[in-house]
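The analysis underlying the following values was restricted to heavy atoms, covering all of them including side chains, and did not include hydrogens, waters or symmetry mates. The chains referred to below are lettered A, B, ... by the order of the sequence lines, with proteins before strands, and numbering in each begins at 1.
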Amino acid sequence: AQRVTQPEKLLSVFKGAPVELKCNYSYSGSPELFWYVQYSRQRLQLLLRHISRESIKGFTADLNKGETSFHLKKPFAQEEDSAMYYCALKGGGYQKVTFGTGTKLQVIP
Amino acid sequence: KAGVTQTPRYLIKTRGQQVTLSCSPISGHRSVSWYQQTPGQGLQFLFEYFSETQRNKGNFPGRFSGRQFSNSRSEMNVSTLELGDSALYLCASSLDGRDYEQYFGPGTRLTVT
């Protein structure tokens, strides 16, 4: 079974402070990990995936297989980063995408 | 290119009734997935369809069913509605081979009274 855990429902940080949104997963094989974001009044959309190893809007995420984690980080939070963030996992082949329960990031001006 | 559309956007039903929700994927996308979103549970996977066949199924009771048509449009049906079925139902489409990149619709807000 595949499982994604986001331990924080709400994370509040001040503008300019570093951000780390936690994500832990459970999967027996080699998963693909992703972060999705939902800004206010917008649709849920893909932010980044671990395979691409890219930085999107200043966010990065490293897959740590030893700790089964895929935390999302940004060195300096911006007000426009305030949104709901979902960590997601996909197993191999045509397996479904499993989402975590989400973390609401609130950046305080 | 038009995005994923869902109809209706809002729905109010009474316990015991049934409901059908519709989803039109992005043109060229043959995979359609359905999710139930609630404040406490986040996004929970219902099922995925590809080329009119159910490819994956989540852990929901048999009251929840779906289908996909030859034009990739999909419907989901919930029979014998319960209060706990009140939620936002999201549909997402993706290209074959890129099912990690899901494009979500705006959702249908279902309220069961």
Side-chain angles (χ1 to χ4, degrees), chain A residues 1-11 21-25 27 29-54 56 61 63 70 83-105, chain B residues 1-6 9 23-26 29-60 64 66 68 74 87-109:
Chain A
Q2 51 194 59
R3 180 176 293 176
V4 177
T5 302
Q6 293 181 252
E8 304 143 327
K9 286 190 175 181
L10 172 67
L11 181 65
L21 297 166
K22 297 189 187 310
C23 172
N24 289 91
Y25 68 89
Y27 184 68
S30 293
E32 289 189 65
L33 275 297
F34 317 92
W35 278 98
Y36 276 77
V37 61
Q38 187 169 28
Y39 299 103
S40 179
R41 297 193 181 90
Q42 293 188 29
R43 303 182 183 195
L44 194 60
Q45 58 187 291
L46 179 66
L47 179 62
L48 57 78
R49 52 190 293 232
H50 87 270
I51 286 179
S52 58
R53 302 183 69 82
E54 56 191 346
I56 304 292
L63 178 59
F70 187 57
M84 195 75 180
Y85 291 81
Y86 292 91
C87 182
L89 175 155
K90 181 181 177 308
Y94 292 119
Q95 291 196 42
K96 64 182 182 182
V97 178
T98 298
F99 285 82
T101 50
T103 298
K104 183 176 181 178
L105 175 63
Chain B
K1 192 180 273 193
V4 177
T5 58
Q6 292 186 245
R9 292 293 311 280
C23 171
S24 292
I26 291 172
H29 288 194
R30 294 193 294 167
S31 172
V32 174
S33 297
W34 287 89
Y35 297 87
Q36 182 193 67
Q37 185 178 32
T38 57
Q41 301 292 322
L43 274 83
Q44 292 193 284
F45 175 79
L46 281 155
F47 25 68
E48 180 202 2
Y49 286 88
F50 178 80
S51 290
E52 302 179 68
T53 301
Q54 188 180 82
R55 192 155 71 175
N56 280 299
K57 189 177 188 304
N59 298 322
F60 278 79
F64 291 81
Q68 187 179 34
S74 177
L88 181 67
Y89 289 87
L90 293 170
C91 162
S93 73
S94 60
L95 282 168
D96 189 29
R98 293 177 64 90
D99 50 356
Y100 57 84
E101 187 169 9
Q102 305 206 355
Y103 291 81
F104 283 83
T108 294
R109 172 73 62 185

Derivation of the side chain to side chain donor-acceptor pair (under 3.5 Å) call for B:Gln54 and B:Tyr49: CA-CA 4 Å; B:Gln54 188 180 82; B:Tyr49 286 88; 3.0 Å; yes

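Between atom CD of residue A:Gln6 and atom OG1 of residue A:Thr103 there is a gap of 4.5 Å, rounded to the nearest 0.5 Å. In this structure, CD on B:Gln36 lies 6.0 Å from CG on B:Leu46, to the nearest 0.5 angstrom.
Without hydrogens or angle criteria, B:Arg55 side chain to B:Phe47 main chain gives no donor-acceptor distance under 3.5 Å.
Ring pair B:Phe104/B:Tyr35: centre-to-centre distance below 6.0 Å.
Only the side chain of B:Gln37 comes within less than 4.5 Å of a heavy atom in chain A; its backbone stays farther off. With a 4.5 angstrom heavy-atom cutoff, B:Glu48 touches chain A only via side-chain atoms. With a 4.5 angstrom heavy-atom cutoff, A:Gln38 touches chain B only via side-chain atoms. Of the atoms belonging to B:Phe50, not a single heavy atom falls under 4.5 Å from chain A. Heavy atoms of A:Lys90 lying under 4.5 Å from chain B belong exclusively to its side chain.
The candidate with the highest count of non-hydrogen atom pairs below 4.5 Å against chain B, out of A:Leu44, A:Val97, A:Thr98, A:Leu46, is A:Leu44. Residue with the most contacts toward chain A among B:Gln41, B:Lys57, B:Gln44, B:Gln102: B:Gln102 (heavy-atom pairs, distance under 4.5 Å). Each of A:Phe34, A:Tyr86, A:Phe99 has some count of heavy-atom pairs under 4.5 Å with chain B, and the biggest count is that of A:Phe99. Of the listed residues (B:Gly42, B:Gly105, B:Ala92), the one with the most heavy-atom contacts under 4.5 Å to chain A is B:Gly105.
In this structure, A:Phe70 and A:His50 have perpendicular ring planes: the angle between them is above 60°, well past the 30° mark.
B:Gln68 is linked by a side chain to side chain donor-acceptor pair (under 3.5 Å) to nothing, counting only residues two or more places apart in sequence or in another chain.
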